[in-house]
Chemist: 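Below: one structure in structure tokens.
As the structure is a computational prediction, the values presented were derived from the model and not from experiment.
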Amino acid sequence: MATTMAQVKPRFYWSSVALAVIAVQALPVFAVETRVSSQLRTSGYAYQIEEFGVAGTDDGLALLISPSVNLALTSKVLRTRFSWQHESLFYKDSQRSGRSFNEFDFSNVFSLYNDRLSWGVNAQSTYRVRNTQRGIFNDKITSSGELSKATSYGTYLLLKTASYSDINAALRLDYNHSQYDQPGVDDGLPAFENDSYRANVLFASRDRSQTTFWRLEGAYGKTQREQLRDYDSKAARALFGLPLSSRLSVIGRGSYEYTDNNNFYQNEFSSYGGGIELKLGRVSWVNASINRSTTTRLDEKEENTYWATEFYLAPSRRTSLEGYYDRRYFGRTANISGQYNVRALNIRLSVTDTVQTQTSLDQELIDLGIFVCPDNAVEFTDCYRPPSANYTPQPGESYQQVFDVGVELDQELVLRRSASLALGYSKRRLSLNVVLNSTDTEYVERGDEQRSQSVSVRAGWRLSERSRVSSTIRFYQIDYQFANREDDNILMSVAYDTTLSEQSAVSLSLRRTERNSNIDSFNASENRLWLTYVYTF
């Protein structure tokens, strides 16, 4: 799990403090529910590391002492979450020396008019692996010197019409700053900063069965890169439909896209076409069209005639599947998003392709769904799926949207195609979560490519009201084509957790990681055993 630590620029820091003071002064007006919890976590680790070509093993002991504080403020118009954590590491190991970390995660969302107007501010920092060739499962216990301190902060403003309005209109403005320091052990990447600006606008008729229906949307993005040239992108799409009958409509559509990194990656794409749309049931529909496109890459122009389709299928309240198959300047494009929800089972499907810097793509996470998490949860396995749709979180619990993060962290411009399937099952004492992912990353500015497939399985079994057993298996197969290297990475862990009282808990965990590479010098493995005691104040 990624850990967080904040380091923000003074201007933003004092602005955030001022906003927080104003918000706190206004709290009595909004009848705010406040939850504050603090915790002291102490862990003792024993580990053994084996590396190819190194005689013997790297054996050591570590002690981790970690106090933390969690604050949550909730009202009809305000949702604030703040968590701070300090970690001090002490070693009995000739190769490692003590280190300490301070981390926090802050988010504040202020909304009015039934969420039609929302303003959010966030700040966080994390220690992350930037270059997975050094070790995809590296963490602070045995590899703290190989982790980069990643800091980010940002804000967004969202305006949208009400769900009952005949017009579906929305405007969202985003700003995000990201900063990545070079770790103590060189990972092959420099320290760098990025500033990302995004604007999205939507204006559409809400009912596609009216006399005419239409949809206009546009997007603008700019990423300012410290080490590389800035990247700009613009996109617009339009759709107009005229019903011929209650089920059938004729449609006209067009699109435009422009990208530029002030270098050789400059593309302009435009298309137009027409077709038919078939309405299926009350809200479902599917259309198909024949289109003509023009693509300009620097001084080269290419024209194509192609077919495209777009669909939205919702056979029940629990099931939906939407997406499109179209064309962009780099070729065919597909986007699919689907979900299936019943009381015990949740399935989510996602297929995307995106051109953006790696740092911006890292914000686009795999949505695993809604889970119930304790306020002091530090791992995904601490959370569980709601036992029913009407479940009310108990004191000290809250609903949270859970995501699975990517594995790379770079400032380069990439074309990334990704497909993922997430499955969550929870019934009685068993909870099971499975994530399958396949990603193809093309580094467009240097002509390299990287492919990865991963499987993640998390399972938990509640032995009693006070104890449970959990296990995790993660497998990553990564093909670094530019380095002629292929790695198989696997993590296996099992843990026993028991609650001693309302304030204290203890857990015993065992973990093994392996990296098997076609280049022998990168082969390595680690065994780790640790005991953790947690006291909540």
Chemist: To the nearest 0.5 Å, how far apart are CG in Asn518 and CD in Glu486?
Modeler: 5.5 Å
Chemist: How long is the straight-line distance from CD1 of Ile336 back to OG of Ser420, given to the nearest 0.5 Å?
Modeler: 11.0 Å
Chemist: Salt bridge check, Arg417 against Asp353: does any charged N sit closer than 4.0 Å to a carboxylate O?
Modeler: yes
Chemist: Excluding sequence neighbours, so at least two apart, what forms salt bridge (charged side-chain N to carboxylate O under 4.0 Å, His left out) with Arg429?
Modeler: none
Chemist: What are the two closest heavy atoms between Glu226 and Ala191, and how far apart are they?
Modeler: OE1-O, 4.1 Å
Chemist: Can you confirm whether Lys222 is buried at NZ, in the sense that more than 12 heavy atoms of other residues, nucleotides or ligands lie under 6.0 Å from that atom?
Modeler: yes
Chemist: Can you tell me if Arg79 and Thr74 form a side-chain donor-acceptor pair at under 3.5 Å?
Modeler: no
Chemist: Is it the case that the ring center of Phe104 lies less than 6.0 angstrom away from the ring center of Trp84?
Modeler: no
Chemist: Between Arg130 and Asp187 (salt bridge meaning N to carboxylate O under 4.0 Å), is one present in this structure?
Modeler: yes
Chemist: Please determine which of Phe137, Tyr91, Tyr47 meets the side chain to side chain contact (heavy atoms under 4.5 Å, CB included) test together with Thr142.
Modeler: Tyr47
Chemist: Could you walk me through whether Ser467 and Asp497 pass side chain to side chain donor-acceptor pair (under 3.5 Å), step by step?
Modeler: CA-CA 5 Å; Ser467 61; Asp497 303 87; over 6 Å; no
Chemist: If you draw a 6.0 Å radius around CZ in Arg485, do more than 12 non-hydrogen atoms from other residues or ligands fall strictly inside?
Modeler: yes
Chemist: Give a yes or no on whether a salt bridge exists between Arg451 and Asp440, defined as a side-chain N under 4.0 angstrom from a carboxylate O.
Modeler: yes
Chemist: Between Tyr156 and Asn176, does a side chain to side chain donor-acceptor pair (under 3.5 Å) hold up when you go through it step by step?
Modeler: CA-CA 9 Å; Tyr156 76 87; Asn176 189 76; over 6 Å; no
Chemist: With no hydrogens and no angle check, is any side-chain donor or acceptor of Ser75 less than 3.5 Å from a backbone partner on Val77?
Modeler: yes
Chemist: Are Phe52 and Phe522 near enough that their ring centres are under 6.0 Å apart?
Modeler: no
Chemist: Whether Lys140 engages the ring of Phe101 as a cation-pi pair (distance to the six-membered ring centre under 6.0 angstrom, angle to the ring normal within 45°) should be assessed.
Modeler: yes
Chemist: Please give me the minimum heavy-atom distance between Ser452 and Ile478, naming the atom from each residue.
Modeler: CB-CG1, 4.0 Å
Chemist: Partners of Arg528 by salt bridge (charged side-chain N to carboxylate O under 4.0 Å, His left out), sequence neighbours excluded?
Modeler: Asp139, Glu526
Chemist: Tell me, yes or no, whether the heavy-atom count around Tyr113 atom OH, taken from other residues, nucleotides or ligands under 6.0 Å, exceeds 12.
Modeler: no
Chemist: Run Asp58 and Arg96 through salt bridge (charged side-chain N to carboxylate O under 4.0 Å, His left out) and show every step you take.
Modeler: CA-CA 11 Å; Asp58 178 3; Arg96 296 171 179 83; 3.0 Å; yes
Chemist: For Arg512, enumerate each residue passing the side chain to side chain donor-acceptor pair (under 3.5 Å) test, keeping only those at least two apart in sequence or located in another chain.
Modeler: Glu514, Asn527
Chemist: Run the side chain to side chain contact (heavy atoms under 4.5 Å, CB included) check on Tyr480 and Gln133 step by step: do they pass?
Modeler: CA-CA 8 Å; Tyr480 305 98; Gln133 294 183 72; 3.4 Å; yes
Chemist: Nearest 0.5 angstrom please: Gln124 CD to Ser178 OG, how far?
Modeler: 9.0 Å
